[in-house]
Every structure is written in structure tokens, then in C-alpha cells.
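Just so it is clear: chains get the letters A, B, ... in the order the sequence lines come, proteins before strands, and each one is counted from 1. None of these values were measured; they are calculated from a predicted model.
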Amino acid sequence: MFPYPSGHLHMGHVRNYSIGDTMARFQRMLGKNVLQPMGWDAFGLPAENAAIQNKVAPAKWTYGNINYMREQLQRLGYAYDWSREIATCHPDYYRWEQWFFTRLFEKGLVYKKEAEVNWDPVDQTVLANEQVIDGRGWRSGALVERRKIPQWFIKITDFAQELLDDLEKLDGWPEKVRTMQSNWIGRSEGVELDFEVANENDASLQTLSVYTTRPDTLLGVTYLALAAQHPLALKAAESNPALVKFIEQQNNIKVAEAEMATMEKAGIDTGLKALHPITQQQLPIYLANFVLMSYGSGAVMAVPAHDQRDWEFAKKYGLAIAQVIKPESEDEICDLEQQAFVSKGILINSGEFDGLNFNQAFEAIAKYLGERGKGSKKVNFRLRDWGVSRQRYWGSPIPIINCEACGAVPVPDADLPVRLPEDIDLDESGSPLGKLAEFYKVNCPKCGAAATRETDTFDTFMESSWYYARYACRDQTNAMLDERADYWLPVDQYIGGIEHAILHLLYARFFHKLMRNEGLVNSDEPFTHLLTQGMVLKDGSKMSKSKGNTVDPLPLIEKYGADTVRMFTMFASPPDQSLEWSDSGVEGSFRFLKRLWKIVSSHEPLALGDFSGLSLSAEQTQLRRKTHQTIQKVSDDYARRHTFNTAIAATMELLNAVSRFADSEQGETDKLIIQEALEASILMLAPIVPHFSHVLWQYLGHAEAVIDAPWPQVDESALKESTALIVLQVNGKVRAKIEVAKDIDKATLERLAQEHESIKKFTENGTVRKIIIVPGRLVNIVVS
RNA sequence: GCCAGUGUGGUGAAAUUGGUAGACACGCCGGAUUCAAAAUCCGGUUCCUUCACGGGAGUGGCGGUUCAAGUCCGCCCACUGGUACCA
């Protein structure tokens with residue numbers, strides 16, 4: 001993933017791009033044609049904050065940061081193709097995303113609706129969730145208010161099923177990311193049904209539609225709960241000041257699911273009644289702060305006997321609790337005084353549906369409601385449409401013109417890009433675009449009348465959803481993408497932090513499908529293999545400015561060189577785990593590289609020959625075996641496991657063995673075996689420490705550069721071993737170890753084990769019950 | 001709250017398919033070298049017990065499956081990421 005140009009390269013970047021560069025160089029050594037590009041996710045909030053703080057325009061600040069960070073990346077020696085560099089704030093880039101949005105507009109895949117934002121009433125600006133701290137604006141300290149404003153949405157929910165189904169194709173992705181995305185999309189099967197509202201004259205409010213995944217509990221409904229923003233709630237509030245007060249109270253909480261879900265459950269009786277679709281019983285209608293207007297219809301049927309949240313709410317407000325499900329088996333406990341009984345079971349107190357189990361009741365009740373026109377089965381998704389409007393300056397302008405006569409009109413291709421004015425002054429009251437007449441005053445492209453341009457900008461996830469494709473053809477000025485995109489796509493290996501597991505990766509998958517449907521790419525998914533790297537920690541917590549525990553890579557590069565820094569980040573832990581920063585660990589990597597230099601430079605290079613004719617001593621055979629065992633292991637670590645830490649450890653082991661071997665007198669054959677071990681070691685380290693390896697490879701007698709050298713091959717004949725180490729256990733505890741011939745038969749091995757002095761001690765006072773033999777590994781004698 | 005993940009020596013970690021727990025490093029301790037130090041090299045280093053040989057315990061906690069569990073299952077605890085406007 002490309003970085004946000006914050007102005008400083010941090011260790012998270014160093015880690016991400018060191019992993020990527022290592023993998024890219026490895027693939028190159030395997031003979032692949034590798035594209036390794038780099039770019040900048042250049043729009044976003046921090047530029048606006050910096051602009052206010054330092055009185056510098058976001059564009060200038062951003063371009064300055066990019067220049068500085070590019071230099072830092074170059075110092076780390078990453079093998080990027082800089083001719084493909086992208087900055088998303090450049091009009092050549094965002095014009096295509098504007099163009100694409102107008103295509104989506106034509107296809108009816110975008111629409112405008114009212115949605116809530118965090119409003120700071122003092123600064124008169126919309127706040128991001130992270131800018132609201134304990135319910136107050138971060139600068140003004142004012143209590144935030146929820147406020148509804150019209151915003152653009154893209155219909156990602158139209159693709160919910162495909163996004164879910166295609167997760168199964170992504171076998172190169174970590175299981176945890178697929179699980180998280182699947183849960184996020186949140187497909188459920190249930191029933192949508194209508195409750196009539198008693199004595200309601202307004203036709204549009206006469207029925208309350210609710211969705212439930214538990215239609216089997218329908219006869220246990222004792223009240224209904226509405227979101228505070230539900231139209232019926234707003235209508236009821238017109239004649240009820242207590243409701244107005246409740247709705248206002250719910251207004252001072254930020255627009256975030258975590259806030260909603262952890263706040264104290266509260267509700268209020270609207271006084272309205274709903275009629276149960278089967279029993280016609282009158283049920284109270286409550287407003288409840290845990291009902292989300294954005295999920296389902298903003299109304300839920302409450303079954304306190306069989307839903308824990310409904311149960312707690314009913315207890316708090318003294319509402320009825322009616323049991324309609326009993327446990328299927330005796331050992332399940334159902335005590336409705338203590339808690340709700342939420343498991344599926346057998347229906348009771350449900351009239352004609354008594355005795356049915358969950359599946360039977362689901363079908364029967366759906367059928368009953370269907371026949372009477374009161375409900376039907378429905379598949380529902382938790383996923384909501386993608387809101388792409390931001391009331392900010394530093395982003396791509398949304399290419400729409402609002403005309404009084406024609407409505408929302410997309411900007412014609414010929415007028416794209418809609419350029420963001422870059423020479424501006426920012427103050428604390430938000431986006432200046434609404435004050436720039438030369439920006440927003442335009443004529444309607446359809447009728448020519450005076451009209452106004454959208455002054456909202458795109459969510460920055462728009463830019464990061466397709467940049468990977470643009471790398472393939474970033475010099476293309478006549479189209480968003482061309483045929484080169486399909487040559488390179490899908491991306492074979494994508495690397496980024498686990499924090500992007502849902503939002504960025506889901507939007508990018510969605511965007512890719514939109515581009516496919518537009519005929520721009522022919523693949524279904526953007527990223528074949530995904531590696532989610534862990535965070536970089538210092539003293540056990542995430543490096544951050546606020547904690548003051550950041551480590552700046554630059555002084556380390558100056559002190560030790562890029563290779564040392566790269567090596568430490570690859571050695572300290574496997575890529576998908578968090579990495580604990582350690583200054584003495586860096587020192588250790590530096591020491592290793594110095595030792596490597598010494599071992600190689602004290603060796604007299606010679607040309608490698610054929611080993612098949614040579615007869616080797618035991619020590620020589622052993623070192624050769626170690627060399628080829630190491631090549632085998634390290635190749636697997638690179639290609640399949642991506643555990644570069646163990647690859648480095650194995651190479652260290654090999655070099656330790658070379659070092660011990662080289663201490664004794666050396667003949668020609670010894671030198672040959674050392675040459676082979678050193679060549680393999682350099683090649684295996686080359687993707688991680690390219691500068692060191694480049695020089696040492698040439699020292700060893702090669703004219704070619706190590707970056708063009710092929711990956712080392714395993715000589716199977718060198719791997720052969722004649723003996724095996726067998727562990728002897730008594731009752732699962734290790735008591736001895738013996739070295740035996742590899743082809744030993746079971747009976748002999750069993751006898752050897754039983755006769756072993758250390759084993760006899762533990763077996764002679766009991767009876768041998770069983771002997772388990774795992775060939776080539778262990779013997780376990782079970783005694784009692 | 002919900003979803004996902006992580007938890008192993010003094011520290012970072014390894015153990016890949018249920019089969020030797022702690023590879024490889026860092027740190028520390030001891031030695032060599034040095035006038036001395038740094039650097040370098042060699043050796044030791046899970047804990048408890050033992051002069052030693054050996055023995056016992058041990059992978060966040062409790063329980064289970066198995067000849068055998070860091071690894072599989074159940075419950076619990078702590079921490080991390082995400083939670084739709086940070087990117």
C-alpha cells in the first residue's frame with residue numbers, strides 16, 4: 001500500500017516496504033518480470049491541519065513532504081520503478097476518478113441522500129470521528145451535534161453478495177481478513193414484516209416495517225423500538241415535548257458505531273401502539289437509542305424473552321416478557337428472571353405454531369405472513385452504501401453541477417478535470433471552496449442557466465481504491481486505464497497493515513468490480529496474495545508522536561547503513577506479527593553484517609566446479625549437507641511461508657558452521673565447499689541486504705550483479721543422511737536420545753529402546769502397556 | 001458493545017502436519033586479547049533442586065481429548081487492530 005505523505009518516513013513504512021522489496025527481489029531472482037511501483041496517497045485531513053497550524057497551503061505542504069519522503073525511500077535502496085510514481089492530488093490522476101464517477105452516475109450507481117455528520121457549532125464545521133473527543137470538538141471544545149446533510153453515496157450494497165461470494169476465491173489472503181470482511185458484509189436471512197400503527201391517519205406512517213432473523217419468536221413480541229430519527233418518531237414528537245427532549249439528548253453523541261453500542265441503553269414510550277400481525281394485540285412503541293436508523297428500517301420488534309438486549313430494556317422499563325421458545329434438551333437452562341434465553345428451541349405459547357423447531361417455525365410463519373400480505377422472507381446485509389462526500393477542501397472535487405432546473409448534472413468529459421484551486425488560505429471554519437465564487441459559480445452544462453458546483457470533495461478511499469491499476473499505465477492521457485493494466489493485474493502480492501483489513505480492502509475490491517463492469521479490467525479481484533504486516537512497537541505499544549516513543553529511521557541509516565536497518569526489521573519477527581523495536585537488536589544486525597564481511601573477505605575465491613566426482617570427508621559432507629538443507633529451508637521460508645526471520649536465522653546458522661569449518665587447515669576441496677556455502681548465503685541474503693550482497697558477490701568472482709543472479713538450487717544428493725536421532729520417552733517424557741541407522745527396523749529400535757539404561761530405570765518397576773514408534777523420530781513406552 | 005487477532009526465558013523470537021519447548025539473536029555472566037578501555041574472539045545462560053550425576057516444574061489462567069498438547073476442544077483473563085469522516 002502506498003503511504004500518506006505525512007512528512008516523515010516512520011518504522012511502519014520501513015517495515016512495509018522492506019518486506020515488499022525483499023519479496024520483489026526474490027521473485028526477480030526466480031526469473032519473473034517484476035513491477036514494483038511507488039506513489040502517494042496525497043489527499044487527506046492532516047494536510048488541512050498542518051495548513052492551519054503552520055500557515056502553509058495543503059498543496060505546498062504535501063508536495064514538499066513527497067519530495068522529502070521520496071529521498072528517504074531512495075536511501076533505503078528499494079528497487080522501485082520511479083518512472084511510474086503517482087501522487088493522487090495531481091489532476092492527471094484524480095481527473096480519471098472524476099470521469100469514472102460520472103460514468104457511475106449515468107449507470108445509476110450513485111445517488112444523493114441525507115446522512116448524519118458530526119457538527120461543531122462553534123467552528124461551524126464538520127468533524128471527522130477522530131476529531132471528536134469525549135463528545136466535544138477537538139479545537140473548540142464545543143459539544144458536537146449530529147446534523148443531517150445531503151451527501152453522495154455509491155451503491156456498494158448492490159455488490160454485497162458478489163463481494164461475499166468472491167472472498168472464497170481469495171485463497172492467497174489471510175483467513176482472518178476474509179472472516180472480518182464476511183462479518184462486515186453481514187449477510188443474514190430473515191423475514192420483513194409489517195406492524196400496523198393504531199389510530200394513525202398519515203398513510204405513509206400507518207405501517208411499521210421491521211426485519212427479524214428470528215421470526216420463530218414473533219409471538220413473543222411485547223413492544224416495538226424505533227430509532228430516534230425514524231419518521232414516525234419525528235411525527236410523534238410534534239405533539240409530545242418529552243419525545244423532543246429525548247431526541248435532542250440522543251443528538252449529542254458522535255456518529256460512530258462504537259459509541260452507540262457502548263452507551264447506556266435508554267428509551268422512552270411514544271404513547272403510540274402497534275398491532276401484532278397475528279394476535280392483533282396492542283403493543284407499546286418505544287424510542288430506543290440502540291436502534292440504528294442506518295441498519296434495516298430503523299425499527300425493530302422486541303422479544304425480551306429471547307434477546308438479551310430486549311430483555312435488559314424490558315427490565316429497565318417494566319415491559320412484559322413472554323416466553324415462546326423452550327430448550328430443545330433438558331440440560332439447557334432457561335431462567336427468564338436471570339437473562340434471556342437466546343438459543344434456538346421449540347415453540348410454545350404460539351398457538352398453531354407450538355411444537356415447531358426453528359427451521360419449521362421460520363418457514364411456517366413466513367408463509368402465514370406472506371399469505372396475508374403482511375410480510376415475506378428477505379436477505380439482509382449489514383453493509384451500508386459508501387458515503388463518498390466530504391465537507392473538506394483537500395480532496396478531489398466531486399464533478400457534479402447543481403442546476404435549479406436540471407437537478408444534479410455531471411460535469412461533461414471535456415470539462416474534466418474539475419481542478420482543485422491550490423493557492424488558497426485555510427482557516428478553522430473548514431473548506432474554502434464554498435467561499436470561492438470563481439470555483440462554484442458555473443453555468444449548467446445542460447441548459448446553460450446559472451448553477452452551482454458541488455463544493456464537497458471525495459473520500460480519500462476513492463483514490464486509494466484504484467491507484468494500483470494506474471501504475472500500469474500512468475502516462476496514459478486519453479483514458480483511465482489501457483491494455484497494460486490487464487498485463488499486470490491482478491496484483492500478485494499486496495502488502496499493508498492489518499488496520500486496512502476492512503475499509504480500504506473492501507472499497508478497493510468493490511472499485512475493481514466497478515472498473516470490470518466498465519470494461520477497464522478483465523479480472524474480478526484486484527489482489528491475488530495479501531500480506532498484512534503487524535505494527536512496529538516500542539516498549540510494548542504502538543509508536544506514535546503522542547506517546548513520544550517514535551524511532552526515526554534516518555539517523556539509523558546514517559549510522560549503520562540501510563542494510564542494517566532493513567535486516568533488523570526483517571529479522572526481529574515474522575511480517576504478520578507485531579515487531580518490537582530494539583536498539584541493541586539493530587546493533588546485533590550490524591555486528592552480523594560485519595562478521596559476514598570478514599568471513600567472505602578472508603576466503604580466497606575460486607570458481608565452483610562439479611562435486612559429483614569428489615570423495616568427501618565426514619566434516620566436508622556435513623557442511624555441504626548444511627548448505628543444501630539451508631537452501632531448501634530458506635527457499636520455502638521466502639516463497640511459501642514469508643518468514644524472513646527464520647530464513648535469516650538459518651543463514652546465520654550456516655555461516656556459523658562455515659566459520660567453525662574454516663578454522664581448521666584448508667585444502668582445495670575445503671575451499672570449494674566454503675565457496676559454495678558463501679555463494680548460497682550471499683544469494684539468500686541478497687533480497688534483504690542488497691548493497692552488502694552486491695559487493696560480496698562480485699568479490700566471490702562474479703561479473704554479473706547479484707540483483708541479476710538466479711536463486712540457488714538444492715543438490716538433492718547432498719541432503720542424504722545415513723543416521724537419525726531418535727528420542728526415547730517413557731509415558732511421554734524424554735528420558736534418552738540415541739543415534740541409529742536411518743533404515744533401522746521397528747523391532748530392533750524397540751529392543752534398543754527397552755535395553756537403554758536410562759529407560760530401564762523407569763520401566764523396571766511397572767508393566768509395559770504399549771510401545772509407540774514414530775519412524776525417524778521417537779519411541780514412547782507406556783508403563784503403568 | 002460487536003468483529004478479528006495475540007499471549008512461550010531477563011528481551012525479540014523458534015518449534016512448518018499433535019511427536020526433543022526455547023533454534024537464531026539481544027542482554028547478562030565468565031574467560032582470552034589490551035597498560036586500560038572500546039571493538040573482536042571463545043564458553044555459559046528457562047526456573048527450582050543437587051558438589052555432581054540426576055530429578056522436578058514450565059508455553060496467560062482453569063478444565064478436557066490423546067500414548068503424547070505451545071499446537072486440538074470448552075470456559076475465563078489481559079492486551080492489540082477495526083467499528084463505516086485518521087489513513
Side-chain angles (χ1 to χ4, degrees), chain A residues 1 3-4 6 41 43-46 49 117-118 126-132 151 174-177 179-184 186 254-263 265 290 294 309 382-392 459-461 464 496-504 506-507 532 534-535 537 540-542 568 571-574 576-589 591-592 594-595 598 633 636-637 640-641 643 645-646 648-653 656 725-729 731-734 737 758 761 769-772 774 777-778 780-783:
Chain A
M1 295 174 196
Y4 178 80
S6 58
D41 191 9
F43 278 136
L45 206 49
N49 297 333
V117 293
N118 304 307
V126 174
L127 297 178
N129 280 333
E130 69 157 10
Q131 296 174 314
V132 182
Q151 309 196 59
E175 194 58 46
K176 61 179 170 187
V177 177
T179 306
M180 279 190 267
Q181 291 216 348
S182 170
N183 292 337
W184 182 263
K254 78 176 176 187
V255 188
E257 193 201 68
E259 301 276 313
M260 300 284 290
T262 52
M263 71 188 170
K265 311 280 176 293
F290 57 83
S294 51
R309 195 173 54 185
R382 203 188 76 99
L383 182 69
R384 309 197 297 254
D385 275 338
W386 178 11
V388 294
S389 298
R390 294 293 180 271
Q391 297 69 45
R392 305 201 196 295
D459 176 10
T460 56
F461 279 127
S464 56
I498 184 64
E499 67 272 19
H500 297 290
I502 293 175
L503 293 180
H504 163 61
L506 191 66
Y507 290 138
T532 51
M535 286 182 306
L537 311 177
S541 59
K542 186 178 180 173
F568 175 74
F571 180 60
S573 64
D576 57 350
Q577 274 178 41
S578 61
L579 182 153
E580 176 68 33
W581 192 261
S582 154
D583 291 335
S584 52
V586 178
E587 191 78 46
S589 293
R591 205 148 49 203
F592 169 76
K594 281 193 290 188
R595 205 163 64 238
K598 214 181 322 185
K633 185 198 164 32
D636 186 47
D637 284 350
R640 180 180 62 90
R641 301 210 307 154
T643 50
N645 56 329
T646 54
I648 294 169
T651 312
M652 285 175 167
E653 269 192 75
N656 288 344
L725 185 70
I726 304 291
V727 170
L728 306 182
Q729 297 181 332
N731 290 338
K733 290 193 174 174
V734 179
K737 293 165 192 179
S758 316
K761 269 201 313 201
R769 299 284 172 199
K770 205 175 182 183
I771 297 177
I772 286 137
V774 182
R777 281 194 174 269
L778 62 76
N780 186 15
I781 302 174
V782 186
V783 178

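If you check rU20(B), rA23(B), rG12(B) against the side chain of F571(A), the one that comes closest is rG12(B). Of the candidates rA87(B), rG5(B), rU16(B), rA87(B) carries the atom nearest the E499(A) side chain, counting heavy atoms from C-beta on. Comparing atom distances between the S573(A) side chain and each of rC86(B), rA13(B), rG27(B) picks out rA13(B) as nearest. The M535(A) side chain lies nearest to rG81(B) when the options are rG81(B), rG27(B), rU20(B). Checking rC24(B), rG54(B), rU83(B) against every side-chain atom of N656(A), the shortest atom distance belongs to rC24(B).
For K737(A), no side-chain nitrogen or oxygen approaches OP1 or OP2 of rU20(B) to under 4.0 Å. OP1 or OP2 of rA15(B) lies within a sub-4.0 Å distance of a side-chain N or O belonging to R641(A). The side chain of K733(A) contributes an N or O atom lying less than 4.0 Å from OP1 or OP2 of rA57(B). Phosphate proximity of rG27(B) to R591(A): present, with a side-chain N or O under 4.0 Å from OP1 or OP2. Close to rA14(B), at under 4.0 Å from its OP1 or OP2, lies a side-chain N or O of Q577(A).
The same atom, P, is picked in rC42(B) and in rG61(B); the two are 37 Å apart, to the nearest Å. Spacing of P atoms, rA13(B) relative to rA52(B), comes out at 34 Å, to the nearest Å. Atom name C1', nucleotides rG82(B) and rG44(B): the rounded distance is 46 Å, in whole Å. Rounded to whole Å, the separation between the P atoms of rA84(B) and rC79(B) comes to 22 Å. Distance check on atom C1': rC26(B) versus rU46(B) gives 16 Å, rounded to whole Å. With both ends at atom P, the span from rG9(B) to rG60(B) equals 8 Å, rounded to whole Å. Separation of the C1' atoms belonging to rA69(B) and rG18(B) is 7 Å when rounded to the nearest angstrom. rA21(B) and rA68(B) have their P atoms separated by 14 Å, given to the nearest Å.
Between W581(A) and F568(A), the two ring planes are perpendicular [angle over 60°; tilted spans 30° to 60°].
At a threshold of 4.0 Å, the pair E257(A)-R382(A) counts as salt-bridged, since one of the basic side-chain nitrogens sits closer than that to a carboxylate oxygen.
Within 4.0 Å (heavy atoms only), A256(A) reaches sugar-phosphate atoms of the nucleic acid but no base atom. P574(A) comes within 4.0 angstrom of sugar-phosphate atoms only, judged by non-hydrogen atoms across all strands, and of no base. Residue-level contact check: F290(A) touches neither bases nor backbone, having no heavy atom under 4.0 Å from any strand. Base engagement by F461(A) is indicated by at least one non-hydrogen atom pair under 4.0 Å involving a base atom. Among the atoms of the strands shown, base atoms are found under 4.0 Å from some heavy atom of Q151(A). Looking at heavy-atom distances under 4.0 Å, M263(A) makes no contact with the nucleic acid at all. Looking at heavy-atom distances under 4.0 Å, L45(A) makes contact with sugar-phosphate atoms alone, never a base. Counting any heavy atom pair closer than 4.0 Å across all strands shown, L383(A) reaches a base atom. At a threshold of 4.0 angstrom between heavy atoms, the contacts of R777(A) are confined to the sugar-phosphate backbone, with no base atom among them. Across all strands shown, Q391(A) has heavy atoms under 4.0 Å from base atoms, whether or not it also approaches the sugar-phosphate. Across all strands shown, T460(A) has heavy atoms under 4.0 Å from sugar-phosphate atoms exclusively, and none from any base. Using a 4.0 Å heavy-atom criterion, one finds that R309(A) contacts no nucleic acid atom at all. In this structure, V734(A) reaches the sugar-phosphate backbone alone: every heavy-atom distance under 4.0 Å involves primed, P, OP1 or OP2 atoms, never a base. Residue I771(A) is out of contact with every strand shown, counting any heavy-atom pair closer than 4.0 Å.
A pairwise comparison of heavy atoms in A650(A) and K633(A) identifies CB-CD, 3.9 Å as the closest pair. A pairwise comparison of heavy atoms in T532(A) and P174(A) identifies OG1-CG, 4.0 Å as the closest pair.
Between the CD atom of E580(A) and the C1' atom of rA25(B) there is a distance of 15 Å, rounded to whole Å. Between the CD atom of E653(A) and the P atom of rA14(B) there is a distance of 14 Å, rounded to whole Å. When rounded to the nearest whole Å, the span between CH2 of W386(A) and C1' of rA84(B) equals 11 Å. Rounding to whole angstrom units, CG of residue N645(A) and C1' of rC26(B) are separated by 15 Å. The distance from atom CG of D576(A) to atom P of rA4(B) is 18 Å, rounded to the nearest whole Å. In this entry the distance linking CD1 of I498(A) with P of rU83(B) reads 12 Å, nearest Å. Rounded to whole angstrom, the span from the CD1 atom of I726(A) across to the P atom of rA68(B) amounts to 20 Å. In this structure, M180(A) atom CE and rA4(B) atom P are separated by 9 Å, rounded to whole Å.
Side-chain polar atoms of D637(A) and T646(A) form a donor-acceptor pair below 3.5 angstrom.
Applying the salt bridge (Lys or Arg N to Asp or Glu O under 4.0 Å) rule to E130(A) yields no partners; only residues at least two apart in sequence or on another chain are considered. Looking at residues two or more places apart in sequence or on another chain, you find a side chain to side chain contact (heavy atoms under 4.5 Å, CB included) between N780(A) and Q729(A), I772(A), L778(A).
Between the N118(A) side chain and the V255(A) main chain, a donor and an acceptor come within less than 3.5 Å of each other. Between the side chain of N129(A) and the backbone N or O of K254(A), no donor-acceptor pair lies under 3.5 Å. For the pair T643(A) (side chain) and P574(A) (backbone), a donor-acceptor distance under 3.5 Å is absent. Of the possible donor and acceptor atoms, one in the side chain of Q181(A) sits under 3.5 Å from a partner among the backbone N and O of A501(A).
Taking the O4'-C1'-N9-C4 or O4'-C1'-N1-C2 dihedral as appropriate, rG9(B) has a value within 90° of 0 and is therefore syn.
Atom CD in Q391(A) sits 5.0 Å away from atom CD in Q151(A) (nearest 0.5 Å).
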Open item on the list: Output the pairing pattern of RNA chain B as a dot-bracket string, 5' first, Watson-Crick or G-U wobble with both distances under 3.5 Å, | for cross-strand pairs, [ ] for crossing pairs.
Closed with: (((((((..(((......[....)))((((((.......))))))((((....))))..(((((..]....))))))))))))....

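Across the interface with RNA chain B, nearest-nucleotide mapping of K770(A) and V727(A) shows V727(A) to be the residue nearer the 5′ end. Nearer to the 5' terminus of RNA chain B, by closest-nucleotide assignment, is the contact made by S578(A) (compared with the other of V255(A) and S578(A)).
Within 3.5 Å, a donor on the side chain of N780(A) pairs with an acceptor on the base of rC67(B), or the reverse.
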